[in-house]
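Notes follow once the structure below has been shown.
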Amino acid sequence: MSTAAASTTSSTASSTTSSPTSSTIPATTAVFVRLKLSLLRNGLRQSSGRKAVWITSLVLVSLYAALQLLGFVALRGHAHVGALTVCTAALLAFGWAVMPLFFPGGDETMDPTRLVMLPLRPTPMLAGLLAAALVGIGPGFTVAVLIGAVIASAHGAAAFAVGVLAVPLALLVCLALARAVATANVRLLTSRKGRDLALLSGLIIAVGGQLFSLAMQKLNGAGMAKLESVADVLRWIPPGSTLDAVRAASDGAYGRAAVDLALTVVALAAVLWWWQRGLTKVMTAGDASTLGAASVTKPEKARADGSGLARLLPAGRTGTVMHRSLRYIWRDPKTKASWVSGLAVGALVPIVNAAQGMSNIWFAMFAPTMLGLQMYNQFGQDGPAFWMVLQTIGSRHDAYAELRARALTFSLIAVPYVALVVTGTAYFTGRWQDWAEVLGLAFALLGALFATGALASVLAPYSIPQDSGFKNVAPGQGALAWFGMLGALIGAVLCAPLGALTIGLHLAGAHGWLWTVLPLGAGYGVLVTWAGLRLAAPRMLERLPEILTAVSKG
C-alpha cells in the first residue's frame, strides 16, 4: 500500500471514529475504491512485463467471458438450461470462496491487517472493502457469466425483472464470501504455511481441471439431464437460489421466485455478518508481534533433541544428510511444491486414463519419470547454505557419501510410491499379466534418472529464487536448467538393455519368463545408480566452488 494512499485513507477515515452515519460510509467507500484503482495503476507502472501480463489476462478473460455468454444465449430454450444455470452459480461461488486460499497475494485489499493502525469502524470498512472488490477482472467475468445465465433461463418481462435483481445479488454473495474467507484465514495466508498453500495452487488447479474435464466428458455423453438431481439441491443454496428465481419467474411461480430471492438476501446478510465479525477480530486481536512467544512444547523439544525421525535413520553422515533432505522436502515451499506436484502428476495420469477406459498399464511409467526428475538440481534447494555442505567435503569419499545419502532420501519416497502406482494401475486396468515387467522397467528407469540426475546436479547446477512463487530458475540460468533436463533423455536410453530384453521375450513368445524383468530391473536400477554416483563424486569434488556460485545466484 503506497504512503500517499495510506495517508488519504487515514485522513478520510479519521472522521469515522464516531458512530457510522449515512455520510461517512459513502465517503470511506469512495476512498477505498480510489485506493484500489491506485494500487492497480501503480502495480502496472512497475514494469512493462507486468503490464503485458495484465493486458494479456484481460484480453483472454474477456474472450472467454464472451464465449460463455454466447454459449448461454445459444442454450436459450433448452429443457434443462435452468439446472445448468443453478450449477454455474454454485460453481462461481465455490471458485470465489477458494480463490483467496490459493492466491493470497493477488489483491492487497484482501488483507485487512494493513489497516489496523487506521481509525476505522467495521461497518464503513466493510462497505469500502466490498466496493473495492468490485474493481477487477474477476468481477467483470462473473457478471458476464451471470448475465448469460439470466438470458438463457429468463422468459417474459417478470423473469428479466427478477434477473436484474439476481445478477447483483449473486455477485455480492460471491465477493462477500471471498472477502470473509480471506479475513478469517488472514493469519494463515500471511504465514509460511499460507505461502506453501499458494505454491501448491497450481497443482490443485491442475488436478481439479482434470477432474472437471472428466465430469464434462461424462456430461456430454449423458446430456444436461444429469444435472437436474444436483440442481435440485443447489437451487436451495445461494447463489444457486438466485438464478433459480429467474427460472421460477419464467414458469409463473412468483412465490417461489420471491422465496429464492429472500434466501439469497438472508445468506448475503449472514456472510456480511461473519465478515464483519472477522474484521473486528483481526483489527483488535493480538498476534505474534504483540504477544510473547509461547513456551517450547514437548514435540518441539523432541525435534530439537533429534528424536523421532532422526532415530530411524542411519547413523553418521548418511543419516544427517537424509534428515536434512527430508526437512527440505517438508519445510521448504519450493521443494515441497515440486515433490507434491511430481507425486500428484505421476499418479493422476494413469488414474485419468484408467477412468477414461484405457486399459494401458504403461501410463504408470509417469510415476518413476516424475519422481526421478526430483534428483536433478539437488543442490539448488540448498542455495547459499551449500557453503556449509562444502566445508564437510574434503575427498571423493565425502562427495560420494553426500550424493549417496541424497539418493537414499529420494528412493525412500520414490521406490514404494512407484510400486504403489504400478500396482494400483494394474488393478484398475486389469492388466495383472503386465505388472512384473512394468514394475521392473519402472525401477530401472528410476535408477537411471537417479544416476543422470546426480551428474546433472554436479555439471549444471542453478539457483532457485525464493522471492517469487512462480520462478524456479534464476535469471540467466535457464540454459543450465534445460541442459540438466536433457539428462532425462539419457536416462531413458540407459534403460534400453532391459527394454530390449522385454521386447525380445514378447517376440519369442516366452511370456512365462517376463516375471524375470522385475528382479533384473530392480538390480539394474541399483547398479546404474551406483555407477552414476561414482562418476559424479570426483566431478563434484572438483567443481565445489562453481556449484556454490551457481546455486547462490538470485
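Annotation: side chain of V162 is not in contact with side chain of D260 (no heavy-atom distance under 4.5 Å). Using a 4.5 Å heavy-atom threshold, the side chains of L175 and L171 count as touching. Counting heavy atoms from C-beta outward, R76 and H155 have side chains that approach closer than 4.5 Å. Annotation: side chain of M365 is in contact with side chain of V438 (closest heavy-atom distance under 4.5 Å). With a 4.5 Å cut-off on side-chain heavy atoms, L92 and V145 count as touching. Using a 4.5 Å heavy-atom threshold, the side chains of W275 and L177 count as separate. Taking the side chain as every heavy atom from C-beta outward, P238 and L268 never approach each other to under 4.5 Å. Between L146 and T88 there is no side-chain heavy-atom pair separated by less than 4.5 Å.
T242 OG1 to L172 CG: the interatomic distance, rounded to the nearest 0.5 Å, is 10.0 Å. Atoms OG1 and CD1, from T429 and I361 in turn, are 5.0 Å apart once rounded to the nearest 0.5 Å. The CD atom of Q68 sits 12.0 Å away from the CG atom of L63 when rounded to the nearest 0.5 Å. Between L130 atom CG and T29 atom OG1 the span is 8.5 Å, to the nearest 0.5 Å. To the nearest 0.5 angstrom, L343 atom CG is 9.0 Å from M370 atom CE. Here the straight-line distance linking atom CD1 of I237 with atom OG1 of T264 works out to 11.5 Å at 0.5 Å rounding.
Listed here is the closest heavy atom pair of A144 and L69: O-CD1, 3.7 Å. For G163 against V246, the heavy-atom pair with the smallest separation is CA-CG2, 3.8 Å. The shortest heavy-atom contact between A367 and V418 is C-CG2, 4.2 Å. Across all non-hydrogen atoms, the minimal contact from I329 to T335 is CA-CG2, 3.8 Å. Closest of all the heavy-atom pairs between A90 and L234 is CB-CD1, 3.8 Å. Pairing each heavy atom of A176 with each of L272, the nearest pair is CB-CD2, 3.9 Å.
Contacts of R431 classified as salt bridge (charged side-chain N to carboxylate O under 4.0 Å, His left out), with partners at least two apart in sequence or in another chain: D434. Under the rule for a side chain to side chain donor-acceptor pair (under 3.5 Å), the partners of T423 that lie at least two apart in sequence or sit in another chain are W435. With sequence neighbours left out, the salt bridge (charged side-chain N to carboxylate O under 4.0 Å, His left out) criterion links D244 to R235, R247, R256.
Put simply, the side chain of S250 gets close to the backbone of S153: a donor and an acceptor are under 3.5 Å apart. Although no hydrogens or angles enter the test, the distance criterion places a donor-acceptor pair under 3.5 Å between the side chain of N360 and the main chain of W362. When atom types are taken as modelled, the side chain of K36 and the backbone of A133 share no donor-acceptor pair closer than 3.5 angstrom.
In the displayed structure, Y417 atom OH is contacted under 6.0 Å by more than 12 heavy atoms of other residues, nucleotides or ligands. Counting non-hydrogen atoms of other residues, nucleotides and ligands closer than 6.0 Å to OH of Y328 gives a total above 12.
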- request: Tell me, with the steps shown, if V349 and V345 meet side chain to side chain contact (heavy atoms under 4.5 Å, CB included).
  value: CA-CA 6 Å; V349 171; V345 174; 4.1 Å; yes
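Sequence neighbours left out, not one pair with a member in residues 160-171 passes salt bridge (charged side-chain N to carboxylate O under 4.0 Å, His left out). The stretch residues 131-151 participates, sequence neighbours left out, in these side-chain hydrogen bond (donor to acceptor under 3.5 Å, both in side chains) pairs: W96-T142. Counting only residues at least two apart or in different chains, ring-ring contact (aromatic ring centres under 6.0 Å, His included) contacts with residues 229-260 are absent.
Aromatic rings of W339 and F410 (six-membered ring for Trp) have centroids within the 6.0 Å cut-off, being under it.
Between F366 and F363, the ring planes lie parallel to each other; the angle is under 30°, not in the 30° to 60° tilted range.
Checked options V181, L279, T183; the residue passing with W274 is V181 (criterion: side chain to side chain contact (heavy atoms under 4.5 Å, CB included)).
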